[in-house]
Novice: 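Here's a structure for you.
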There are 2 protein chains.
Amino acid sequence: MVNYRDLELKPNVYAAICPSREVLALVGEKWVSLVIGALDGKTMRFGELRRICEGISQKMLTQTLRKLERDGLVSRTLYADVLPIKTEYRLTELGRSLLPIVQAAKLWAEENLHQIEENRVLYDKNNQ
Amino acid sequence: MVNYRDLELKPNVYAAICPSREVLALVGEKWVSLVIGALDGKTMRFGELRRICEGISQKMLTQTLRKLERDGLVSRTLYADVLPIKTEYRLTELGRSLLPIVQAAKLWAEENLHQIEENRVLYDKNNQ
DNA sequence: TAAACTAGATACCTAAAGGTAACTAGCATG
DNA sequence: CATGCTAGTTACCTTTAGGTATCTAGTTTA
């Protein structure tokens, strides 16, 4: 397995082979921003996250959480001794460092949605 | 066509039916951040953008630019009188308002790539 | 005893994102 | 006369993201 670091190149999203592009794409995955935003400042259980992210399926929540755990953005603690079994998810330091970006993107989307919808109507009218 | 505005609801990315989710996903589309970042502070021609975004195909660049134009993030000026024909792309005010987020995400990806790669190796080692 | 909670795994399928390659069309360069 | 630049369009194909539905397994509640 070749690590990008071994090439001793500075990561650059514009470079065709740079894996930082994939990291950039992470933010845009359907449920990633919502899950990270939901974990802002608090630990959450699987079921809580599921209720908050309206429309997410069990499969996608598990998949999203595993991916974030693998990347080190989220940590998972399993309480198997206490029954019923309980898992707690929280942001790691790395995960928290992504919070400002996720929250800014979320806010931008909410604030500019109407303008964008109007732009689309106008564009479609002018281009048949 | 029903506009989300007509429902008089506050946009909220956590709501199942809110189109702001789609706007949030925009940032994560493969070429969107790269194109917007490339247009930071300068107008660019089609060919220049193509050279800067390494690996982008003509089709994807056209598609990405049209989408951004439709949403009102990028404006396109066609100089048909001057030959060879020339098009110029620049950010609109709305497009510029997205710059801080795009740049922050790009920087975060570049800065944290190595850490994430290490986390993955560690995770995979501990989970077979 | 049956339903509903906890937290998943897994198989299957579809829709969409994205890539490749070929085509247009006019002009410039060697 | 051929190659290459400008800026695209279009058809076709593959990959992957995401969704649905069903299964496990144990506990709690009515």
Side-chain angles (χ1 to χ4, degrees), chain A residues 13 16-17 19 21-35 38-39 43-71 74-90 127-128, chain B residues 13 16-19 21-35 38-39 43-71 74-90 123 127-128:
Chain A
V13 291
I17 59 155
R21 275 194 187 176
E22 178 206 341
V23 174
L24 188 58
L26 184 73
V27 183
E29 276 177 44
K30 188 159 183 182
W31 302 106
V32 166
S33 290
L34 297 192
V35 168
L39 291 173
T43 69
M44 286 236 173
R45 302 182 58 178
F46 188 87
E48 291 179 287
L49 282 170
R50 204 182 164 191
R51 261 169 264 121
I52 286 175
C53 302
E54 289 183 24
I56 197 168
S57 64
Q58 263 183 337
K59 177 195 151 186
M60 287 312 297
L61 182 52
T62 303
Q63 196 171 298
T64 302
L65 286 169
R66 286 295 171 285
K67 183 168 192 170
L68 292 175
E69 193 193 352
R70 180 170 183 257
D71 287 354
V74 159
S75 72
R76 174 169 169 268
T77 313
L78 184 70
Y79 298 92
D81 46 343
V82 208
L83 286 174
I85 205 166
K86 170 175 147 180
T87 49
E88 266 187 4
Y89 295 92
R90 72 186 71 217
N127 301 270
Q128 276 63 286
Chain B
V13 292
I17 59 155
C18 186
R21 275 195 186 176
E22 179 205 340
V23 174
L24 188 59
L26 183 73
V27 183
E29 277 178 44
K30 187 157 182 183
W31 302 106
V32 167
S33 291
L34 298 192
V35 167
L39 290 173
T43 69
M44 285 234 174
R45 303 183 56 179
F46 187 87
E48 292 179 286
L49 282 170
R50 205 183 162 191
R51 261 170 263 120
I52 285 174
C53 302
E54 288 184 25
I56 196 169
S57 65
Q58 265 183 333
K59 177 196 151 185
M60 287 312 297
L61 183 51
T62 303
Q63 196 170 297
T64 302
L65 286 169
R66 287 294 171 285
K67 182 165 193 171
L68 292 176
E69 194 193 350
R70 180 170 183 258
D71 287 354
V74 159
S75 73
R76 174 169 171 267
T77 314
L78 184 70
Y79 296 94
D81 46 342
V82 208
L83 287 172
I85 205 165
K86 172 176 147 181
T87 49
E88 267 187 4
Y89 294 92
R90 74 187 69 216
Y123 181 93
N127 299 273
Q128 275 63 291

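Below, read A as the first sequence line, B as the second, and so on, with proteins coming before strands; counting in each chain starts at 1. Just the heavy atoms: all of them, side chains too, but no hydrogens, waters or symmetry mates, feed the values below.
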Novice: Output all residues satisfying salt bridge (charged side-chain N to carboxylate O under 4.0 Å, His left out) with Glu22(A), sequence neighbours left out; order by chain, then residue number.
Specialist: Arg120(B)
Novice: In whole Å, what is the span from the CZ atom of Arg50(B) to the P atom of dG4(D)?
Specialist: 14 Å
Novice: Rounded to whole angstrom units, what separation is found between the CD atom of Glu22(A) and the C1' atom of dT16(D)?
Specialist: 13 Å
Novice: Check whether any side-chain N or O of Arg45(A) sits under 4.0 Å from OP1 or OP2 of dA7(C), and answer yes or no.
Specialist: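 Answer yes for this pair, as a side-chain N or O of Arg45(A) is under 4.0 Å from OP1 or OP2.
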Novice: Tabulate protein N/O versus nucleotide N/O from nucleotides 8-13 of chain C, keeping only pairs under 3.5 Å, one per line.
Specialist:
from	atom 1	to	atom 2	distance (Å)
dG8(C)	OP1	Arg66(A)	NH2	2.9
dG8(C)	OP1	Arg76(A)	NE	3.3
dG8(C)	OP1	Arg76(A)	NH2	2.7
dG8(C)	OP2	Thr87(A)	OG1	3.1
dG8(C)	OP2	Tyr89(A)	OH	2.5
dG8(C)	N7	Gln58(A)	OE1	3.1
dG8(C)	N7	Gln58(A)	NE2	2.9
dG8(C)	O6	Gln58(A)	OE1	3.0

Novice: Taking the side chain as every heavy atom from C-beta outward, state whether Cys18(B) and Val13(B) have any pair of such atoms under 4.5 Å apart.
Specialist: no
Novice: Could you check if a side-chain atom of Arg76(A) sits within less than 4.5 angstrom of a side-chain atom of Val74(A), using non-hydrogen atoms only?
Specialist: no
Novice: Take atom CD of Glu48(B) and atom P of dC5(D), then tell me their distance rounded to the nearest Å.
Specialist: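 Glu48(B) atom CD is separated from dC5(D) atom P by 15 Å.
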Novice: Side chains of Arg21(A) and Leu34(B): does their closest heavy-atom pair fall under 4.5 Å?
Specialist: yes
Novice: Is there a donor-acceptor pair under 3.5 Å between the side chain of Arg45(A) and the backbone N or O of Glu88(A)?
Specialist: no
Novice: Using a 3.5 Å cut-off and no angle test, enumerate the donor-acceptor pairs between side-chain atoms of residues 49-67 of chain B and protein atoms at least two apart in sequence or in another chain.
Specialist:
from	atom 1	to	atom 2	distance (Å)
Glu54(B)	OE1	Ala16(A)	N	3.0
Ser57(B)	OG	Met60(B)	N	3.2
Thr62(B)	OG1	Gln58(B)	O	2.9
Thr64(B)	OG1	Met60(B)	O	2.7
Lys67(B)	NZ	Glu29(B)	OE1	3.3
Lys67(B)	NZ	Glu29(B)	OE2	2.7

Novice: Take the protein atom CD1 of Ile56(B) and the nucleotide atom P of dG8(D), then report the distance between them rounded to whole Å.
Specialist: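 It works out to 13 Å between those atoms.
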Novice: Please report, rounded to the nearest Å, how far the C1' atom of dG18(C) is from the CH2 atom of Trp31(B).
Specialist: 10 Å
Novice: Expressed as a whole number of angstroms, how long is the span from Met60(B):CE to dT15(D):P?
Specialist: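 So the two atoms are 17 Å apart, to the nearest Å.
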Novice: Counting side-chain heavy atoms from C-beta on, which of dA7(D), dG18(D), dG18(C) comes nearest to Lys30(A)?
Specialist: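 Nearest to the side-chain atoms of Lys30(A), counting from C-beta on, is dG18(D).
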Novice: Keeping the roles fixed (side chain from Thr87(A), backbone from Leu78(A)), state whether a donor-acceptor pair exists under 3.5 Å.
Specialist: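 Here the side-chain-to-backbone pair does not exist.
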Novice: Could you tell me how far apart Met44(A) (CE) and dT6(C) (P) are, to the nearest whole angstrom?
Specialist: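 In whole Å, dT6(C) P lies 14 Å from Met44(A) CE.
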Novice: Assign Arg51(B) to base, sugar-phosphate, or nothing according to its heavy-atom contacts below 4.0 angstrom with the strands shown.
Specialist: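 Counting heavy atoms under 4.0 Å across all strands, the contact made by Arg51(B) is with sugar-phosphate only.
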Novice: Write down the distance between CD (Glu29(B)) and C1' (dA17(D)), rounded to a whole number of angstrom.
Specialist: 13 Å
